[in-house]
Novice: 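This is the structure I want to talk about, given as structure tokens.
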Amino acid sequence: GDKKRWLCSRLVVLKRHRFDGQKPGTSGLRKKVKVFKQPNYLQNFVQSTFNALTTEKVRGATLVVSGDGRYFSKDAIQIIIKMAAANGVRRVWVGQNGLLSTPAVSAVIRERIGHDGSKATGAFILTASHNPGGPHEDFGIKYNMENGGPAPEAITDKIYEYTTTIKEYLIAEGLPDVDISVMGVTSFGGPEGQFDVEVFDSANDYVKLMKSIFDFQSIQKLLSSPKFTFCYDALHGVGGAYAKPIFVEELGAKESSLLNCTPKEDFGGGHPDPNLTYAKELVARMGLDKSNTEHEPPEFGAAADGDADRNMILGKRFFVTPSDSVAIIAANAVQAIPYFSAGLKGVARSMPTSAALDVVAEHLNLKFFEVPTGWKFFGNLMDAGMCSVCGEESFGTGSDHIREKDGIWAVLAWLSILAYKNKDNLSGEKLVTVEDIVRKHWATYGRHYYTRYDYENVDAGAAKELMAYLVKLQSSLGDVNKTVKGIHSDVSSIVHADEFEYKDPVDGSISKHQGIRYLFEDGSRLVFRLSGTGSEGATIRLYIEQYEKDPSKTGRDSQEALAPLVEVALKLSKMQEFTGRSAPTVIT
């Protein structure tokens with residue numbers, strides 16, 4: 001159509017004070033919707049991001065603006081479009097209806113070519129990940145760079161600095177709202193020259209990338225076997241926008257195998273966090289809750305969070321821990337996934353994740369990295385060609401195909417492994433199951449019994465004292481081992497204890513105080529981490545991991561196998577004395 005013109009960009013001078021607390025974490029800025037709806041709050045953060053990126057990077061840029069579709073996204077997209085125009089951005093790309101999963105944004109930045117041959121230079125992702133959505137719930141925004149990964153600390157620190165000093169922002173108020181429900185390009189002319197908004201299909205680029213990584217034909221064969229049943233729960237998050245195109249249209253699954261796959265602004269009133277607590281419907285369908293289901297559960301089940309970067313993997317009446325999941329994917333990737341057929345460049349896990357991946361790396365002679373919590377550490381290794389597969393205990397798994405964790409990728413990886421293990425068996429009596437694969441893995445590599453205790457809203461002072469006490473104990477391991485043997489004589493001896501710090505092999509940066517570790521002679525570990533000292537007090541996370549090499553002992557009940565080490569952890573740390581808590585808030 002005709003070029004629509006907007007006449008001028010307005011410089012809005014902020015009369016009131018700047019906003020406190022606009023400090024983006026590793027996953028951007030997350031606050032309640034009512035905070036984001038304050039006059040100028042979002043604008044303040046967006047302009048600060050443009051300022052931090054510098055004019056030369058912003059002018060002429062192509063930016064992706066989309067997210068998980070949570071409440072307030074549609075308003076935020078229109079505001080960002082108008083501000084982008086006024087700041088000299090050349091193009092904004094929006095997924096249809098404002099929907100793009102976080103991994104899809106990363107794929108779009110890295111892979112997509114626009115109608116005019118353009119490539120994206122960065123993205124605003126509108127998500128608060130696994131946090132609930134709706135007028136009284138959470139909203140979030142984060143910026144991703146041209147490699148498709150989250151902005152590094154150098155940039156987020158700069159953004160924060162600008163949020164505290166900003167005096168004005170630019171906005172093209174004369175620009176009409178763009179209809180983001182219709183695909184196509186809208187062009188505007190204005191004082192900054194031409195400005196385009198392109199609304200495109202949310203799934204196309206991502207589906208294309210997945211088809212280049214996995215053998216869709218072999219997965220299709222598995223899904224078409226009458227013996228194989230499947231269930232995918234998007235928890236009403238943005239994963240639903242990819243479920244039908246991938247699982248139904250490409251792979252031939254029945255539509256009835258999709259649960260909660262309509263994206264909703266409030267995630268259907270639920271908590272879009274793929275774990276045994278919140279994915280209640282899937283857990284019941286897979287036969288993992290206490291109710292005796294009449295129906296035989298499916299062979300395979302999986303769930304995603306709000307922005308579809310996290311995943312949970314389930315077999316029939318069987319839960320796969322995220323720590324085991326990444327180890328099993330790494331152990332089978334070269335045989336089962338075409339993308340990795342030439343071998344793995346290396347593998348990595350976050351420090352609190354169990355050492356199951358370490359054992360695989362040692363067996364297969366792979367480069368191995370243990371990094372602090374935060375996906376950007378994996379991103380650095382991947383950009384340098386040092387890492388192919390990585391994961392973390394908090395339900396995040398991924399590879400170097402993009403620079404974010406990727407929930408649907410993990411599901412396709414598991415389906416690929418199942419397809420590979422069953423390729424000569426689809427007409428046989430019984431399929432190799434998820435549980436078979438995991439138990440066989442344990443028999444080969446040993447099992448890391450694993451649990452996480454979260455103590456939420458602990459008095460921040462008490463939490464710091466507890467951590468200081470744990471550091472002090474480390475100066476004399478002899479005494480610590482006496483204490484340990486006194487609590488439980490059959491627990492292995494501690495051979496190493498430290499406060500984890502990481503020197504990035506790529507850029508040399510050092511991250512200190514990343515958690516307190518006690519490593520035992522038999523490969524077991526205790527890890528204590530302090531998480532976010534927010535307004536609500538601190539969260540202490542305690543990770544307890546018992547390694548068992550004896551194949552005759554890898555089938556024990558997890559809580560039973562961990563009981564001695566749990567007792568040691570609680571008594572050694574004096575958890576109850578310091579926190580006043582006789583039990584954790586959450587046990588994972």
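Note that the structure is a prediction, hence the values are computed from the model and not measured.
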Novice: Is atom NZ of K119 surrounded by more than 12 heavy atoms (other residues, nucleotides or ligands) closer than 6.0 Å?
Specialist: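 Check passes, neighbour count above 12.
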Novice: Are N97 and S181 close enough that a side-chain donor and a side-chain acceptor fall under 3.5 Å?
Specialist: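 Per modelled atom types, N97 and S181 side chains form no pair under 3.5 Å.
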Novice: Does any part of the side chain of V389, heavy atoms only, come nearer than 4.5 Å to the side chain of V326, both counted from C-beta?
Specialist: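 The answer is yes, as the side chains (C-beta and beyond) meet within the 4.5 Å cut-off.
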Novice: Is a salt bridge present between R541 and D454, judged by a nitrogen-to-oxygen distance below 4.0 Å?
Specialist: yes
Novice: Walk me through whether E111 and K208 qualify under salt bridge (charged side-chain N to carboxylate O under 4.0 Å, His left out).
Specialist: CA-CA 10 Å; E111 307 286 337; K208 206 163 89 189; over 6 Å; no
Novice: Looking at K34, I'd like to know if its NZ atom is crowded, meaning that more than 12 non-hydrogen atoms belonging to other residues, nucleotides or ligands lie closer than 6.0 Å.
Specialist: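 It does not: K34 NZ has 12 such atoms or fewer within range.
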Novice: Pair E198, R112 - check salt bridge (charged side-chain N to carboxylate O under 4.0 Å, His left out), show working.
Specialist: CA-CA 12 Å; E198 183 176 352; R112 185 170 192 271; 2.8 Å; yes
Novice: Any side-chain to backbone donor/acceptor pair from Y71 onto H136? Under 3.5 Å, distance only.
Specialist: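 A pair under 3.5 Å: no.
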Novice: Given side chains that start at C-beta, do those of P372 and F377 come closer than 4.5 Å, heavy atoms only?
Specialist: yes
Novice: Determine whether a donor-acceptor pair (N or O, by modelled atom type, separation under 3.5 Å) exists between the side chain of S325 and the backbone of V320.
Specialist: no
Novice: Is it possible for you to check whether R403 lies under 6.0 Å from the centre of the six-membered ring of W375, through NZ or CZ, and within 45° of that ring's axis?
Specialist: no
Novice: Between E392 and R349, does any side-chain N to carboxylate O distance fall below 4.0 Å?
Specialist: no
Novice: Would you find more than 12 non-hydrogen atoms of other residues, nucleotides or ligands less than 6.0 Å from Y278 atom OH?
Specialist: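 Open: at most 12 neighbouring heavy atoms sit under 6.0 Å from OH of Y278.
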Novice: Under a 3.5 Å cutoff, is there a donor and acceptor pairing between the side chains of S101 and D307?
Specialist: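 The criterion, which ignores hydrogens and geometry beyond distance, is not satisfied for D307 and S101.
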Novice: Would you say R70's side chain and S129's backbone share a donor-acceptor pair under 3.5 angstrom?
Specialist: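 Yes, the answer is positive, given that a donor and an acceptor are paired below the 3.5 Å cut-off.
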Novice: Against V197, only a single residue in I77, L175, V178 fulfils side chain to side chain contact (heavy atoms under 4.5 Å, CB included); can you say which?
Specialist: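 Going through I77, L175, V178 one by one, the side chain to side chain contact (heavy atoms under 4.5 Å, CB included) with V197 is satisfied by V178 alone.
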Novice: Is there a donor-acceptor contact under 3.5 Å linking the side chains of W93 and S66?
Specialist: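 Checked: W93/S66 side chains show no N/O donor-acceptor pair below 3.5 Å.
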Novice: Can you confirm whether F378 sits close enough to D400 that some side-chain heavy atom of one is under 4.5 Å from a side-chain heavy atom of the other?
Specialist: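 Not touching, per the 4.5 Å side-chain cut-off.
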Novice: Could you pull out all donor-acceptor pairs under 3.5 Å where a side-chain atom in residues 213-222 meets a protein atom, sequence neighbours excluded?
Specialist:
{"residue": "D215", "atom": "OD1", "partner": "Q217", "partner atom": "N", "Å": "3.1"}
{"residue": "D215", "atom": "OD1", "partner": "S218", "partner atom": "N", "Å": "3.1"}
{"residue": "S218", "atom": "OG", "partner": "D215", "partner atom": "O", "Å": "3.1"}

Novice: Do T321 and E393 have side chains that get closer than 4.5 Å, going by heavy atoms?
Specialist: no
Novice: Step by step, would you call E173 with K82 a salt bridge (charged side-chain N to carboxylate O under 4.0 Å, His left out)?
Specialist: CA-CA 7 Å; E173 287 187 326; K82 292 174 173 63; over 6 Å; no
Novice: Got K376 and N380 here, is their nearest side-chain heavy-atom distance under 4.5 Å?
Specialist: no
Novice: Testing the 3.5 Å rule here: is there a donor-acceptor pair between the side chains of Q38 and N40?
Specialist: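 No donor-acceptor contact under 3.5 Å links the two side chains.
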Novice: So, S202 side chain and L100 main chain: donor-acceptor pair closer than 3.5 Å or not?
Specialist: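 Looks like no, no N/O pair under 3.5 Å.
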Novice: Do M312 and L276 have side chains that get closer than 4.5 Å, going by heavy atoms?
Specialist: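 Side chain of M312 against side chain of L276, heavy atoms only: contact under 4.5 Å found.
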Novice: Quick test of your reading: applying salt bridge (charged side-chain N to carboxylate O under 4.0 Å, His left out), list the pairs with at least one residue in residues 256-270, sequence neighbours left out, ordered by first then second residue.
Specialist: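 As it turns out, there is no salt bridge (charged side-chain N to carboxylate O under 4.0 Å, His left out) pair with a partner in residues 256-270 once direct neighbours are skipped.
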Novice: With sequence neighbours excluded, tell me which residues meet side chain to side chain contact (heavy atoms under 4.5 Å, CB included) with P132.
Specialist: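 Side chain to side chain contact (heavy atoms under 4.5 Å, CB included) list for P132, sorted by chain: E137, H271.
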Novice: Ignoring hydrogens and angles, tell me if any N or O in the side chain of S257 forms a donor-acceptor pair with the backbone of C231 under 3.5 Å.
Specialist: no
Novice: Answer whether the closest heavy-atom distance between the side chains of F45 and I166 falls below 4.5 Å.
Specialist: no
Novice: Answer yes if the side chains of D406 and Y206 hold a donor-acceptor pair under 3.5 Å, and no otherwise.
Specialist: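 Yes, side-chain donor-acceptor contact under 3.5 Å.
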Novice: Decide yes or no on side chain to side chain contact (heavy atoms under 4.5 Å, CB included) for F36 and V33, but give the supporting numbers first.
Specialist: CA-CA 5 Å; F36 268 102; V33 166; 5.7 Å; no
Novice: Does a sphere of radius 6.0 Å around NZ in K23 hold more than 12 heavy atoms from other residues, nucleotides or ligands, not counting ones at 6.0 Å or beyond?
Specialist: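 More than 12 heavy atoms, drawn from other residues, nucleotides or ligands, come within 6.0 Å of this atom.
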Novice: Is it true that K142 and E404 make a salt bridge, defined as a side-chain N closer than 4.0 Å to a carboxylate O?
Specialist: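 Between E404 and K142 there is a salt bridge, with a charged N closer than 4.0 Å to a carboxylate O.
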Novice: Looking at side-chain heavy atoms only, is the closest gap between V46 and Y169 below 4.5 Å?
Specialist: no
Novice: Does E281 reach the main-chain N or O of L235 with its side chain, forming a donor-acceptor pair under 3.5 Å?
Specialist: no
Novice: Is K32 salt-bridged to D138, going by a charged N under 4.0 Å from an acidic O?
Specialist: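 Yes, K32 and D138 are salt-bridged.
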